[in-house]
Amino acid sequence: TSRGTLDFFEEKPAGRGVKGHISCLELDQQGEPVVGSKRIVLSECFHLSYPFVFFYREQYWMIPEAAASRGVHLYRSKQFPDDWILEKTILEDVQIYDATLIEWKETWYLFGSQKNSIHTSPHTSLCIYYTDDPLAGEWKAHPMNPIYQDVRVSRPAGSFFTYNGKLIRPAQNCAPVYGYGIQFFEVEELTPLLYRERLIHSIEPNWDPSIRAVHTYNQTTGSYLLDAQVRLPFYKL
């Protein structure tokens with residue numbers, strides 16, 4: 001926007017059984033929240049988190065994490081950033097967490113951690129799907145799925161980005177706990193048949209004793225956003 005950057009995020013009120021929704025707020029040029037700008041932009045009857053927002057064909061789109069619904073849903077913005085409607089379900093009868101898209105060499109890829117049974121962790125299996133058109137195309141499973149079965153590298157931690165001409169994939173390190181740290185991988189090969197990457201950097205919550213975990217990393221022009229779990233004082237009444 002003319003004033004700063006829009007930040008979409010999961011907001012989950014306190015309380016048992018309360019589902020999360022997607023909210024939005026504006027950050028000013030100094031990266032500070034603009035007072036009064038926070039509002040709910042998408043709510044469903046199931047839990048939502050990890051809003052992946054992208055711009056394609058002169059339109060804004062969003063894929064939030066909605067694994068509780070057993071589907072991956074594509075929403076279209078009628079009036080950005082507040083008004084979103086369900087366009088289609090692009091994957092059905094599957095639990096995928098933190099779906100993250102990247103267009104690479106004229107093919108679209110969806111990365112996400114996939115829970116295959118009630119006995120498996122949602123952080124363990126990295127799977128890839130691909131298509132030639134994210135709106136109308138059929139999403140096909142990558143033949144190398146699962147790419148990993150490892151809680152340290154499988155769950156996405158934010159959008160892909162380029163650094164020194166290299167494509168970088170942020171991944172959550174969910175050991176010893178969920179969202180403990182972030183690992184950055186340089187993508188060396190990404191095609192509908194092959195995937196290869198190498199670890200180049202890690203972030204752990206070791207620079208401040210109040211921080212317990214660092215969960216996601218995203219960047220846009222001039223802005224870098226990292227969220228963290230912070231220890232708060234406990235007062236017993």
Given the rule that I, L, V, M, F, W and Y join up when any side-chain heavy atoms are under 4.5 Å apart, are [X] and [Y] in one cluster?
X: L167; Y: L126; answer: yes
X: V94; Y: L86; answer: no
X: I168; Y: L190; answer: no
X: F55; Y: F52; answer: no
X: F160; Y: I182; answer: no

Less than 4.5 Å apart, side chain to side chain, heavy atoms only: is that true for [X] and [Y]?
X: L74; Y: L135; result: yes
X: L226; Y: V214; result: yes
X: P170; Y: F161; result: yes
X: Q114; Y: Q95; result: no
X: I147; Y: N145; result: yes
X: S125; Y: S154; result: no
X: P64; Y: Y75; result: yes
X: L110; Y: I128; result: no

Can you list the steps and then say if Y129 with I90 is a side chain to side chain contact (heavy atoms under 4.5 Å, CB included)? CA-CA 11 Å; Y129 294 82; I90 62 175; over 6 Å; no

Within 6.0 Å of [atom1] in [X], more than 12 heavy atoms from elsewhere:
X: Q79; atom1: CD; value: no
X: K19; atom1: NZ; value: yes
X: K12; atom1: NZ; value: yes
X: K88; atom1: NZ; value: yes

For side chain to side chain contact (heavy atoms under 4.5 Å, CB included), just list the numbers for I40 and I22, CA-CA rounded to whole Å, side-chain angles, deciding distance to a tenth of an Å, and then say yes or no. CA-CA 6 Å; I40 298 173; I22 305 303; over 6 Å; no

Rounded distance [0.5 Å steps], [atom1] in [X] versus [atom2] in [Y]:
X: W84; Y: F8; atom1: CH2; atom2: CZ; result: 5.0 Å
X: Q59; Y: S77; atom1: CD; atom2: OG; result: 6.0 Å
X: L225; Y: Q219; atom1: CG; atom2: CD; result: 9.5 Å
X: I96; Y: K115; atom1: CD1; atom2: NZ; result: 13.5 Å
X: E10; Y: L42; atom1: CD; atom2: CG; result: 12.0 Å
X: R169; Y: I102; atom1: CZ; atom2: CD1; result: 12.0 Å

For residues [X] and [Y], is any side-chain donor paired with an opposing acceptor at under 3.5 Å?
X: Y109; Y: T131; value: no
X: S37; Y: E26; value: no
X: Q172; Y: D98; value: yes
X: Q149; Y: T124; value: no

Walk me through it: do Y148 and E197 pass the test side chain to side chain donor-acceptor pair (under 3.5 Å)? CA-CA 11 Å; Y148 293 116; E197 65 181 14; 2.7 Å; yes

Sidechain N-carboxylate O distance under 4.0 Å for [X], [Y]:
X: K38; Y: E11; result: yes
X: R70; Y: E92; result: no
X: R155; Y: D150; result: no

If you look at every heavy atom in [X] and [Y], which pair is closest and at what distance?
X: S159; Y: N218; answer: N-OD1, 2.8 Å
X: R231; Y: P209; answer: NH1-O, 2.7 Å
X: T100; Y: G158; answer: CG2-O, 3.5 Å
X: A213; Y: G179; answer: CB-O, 3.1 Å
X: W108; Y: D132; answer: CD1-O, 4.2 Å
X: S113; Y: P122; answer: OG-O, 2.8 Å

Check: [X] side chain, [Y] main-chain N or O, donor-acceptor pair, under 3.5 Å:
X: W61; Y: Y56; value: yes
X: K105; Y: T191; value: no
X: Q183; Y: I203; value: no
X: D208; Y: S210; value: yes

Output, in order, the C-alpha distance, side-chain angles, deciding distance and verdict of salt bridge (Lys or Arg N to Asp or Glu O under 4.0 Å) for R57 and D133. CA-CA 11 Å; R57 293 184 180 174; D133 186 333; 3.2 Å; yes

Ring centers of H21, F9 separated by less than 6.0 Å: no

Test ring-ring contact (aromatic ring centres under 6.0 Å, His included) applied to F184 and Y217, step by step: CA-CA 10 Å; F184 295 92; Y217 173 93; 5.3 Å; yes

Would you mind listing every ring-ring contact (aromatic ring centres under 6.0 Å, His included) that reaches into residues 163-182, with sequence neighbours excluded? H123-Y178, Y178-H215

I would like to know whether R39 and V41 meet side chain to side chain contact (heavy atoms under 4.5 Å, CB included); could you show each step before the answer? CA-CA 6 Å; R39 64 271 198 191; V41 298; 4.3 Å; yes

Going through the checks in order, is the side chain to side chain contact (heavy atoms under 4.5 Å, CB included) test met by V187 and W104? CA-CA 11 Å; V187 177; W104 187 249; 5.5 Å; no

Evaluation steps, ring-ring contact (aromatic ring centres under 6.0 Å, His included), between F111 and H142: CA-CA 10 Å; F111 286 66; H142 198 281; 8.5 Å; no

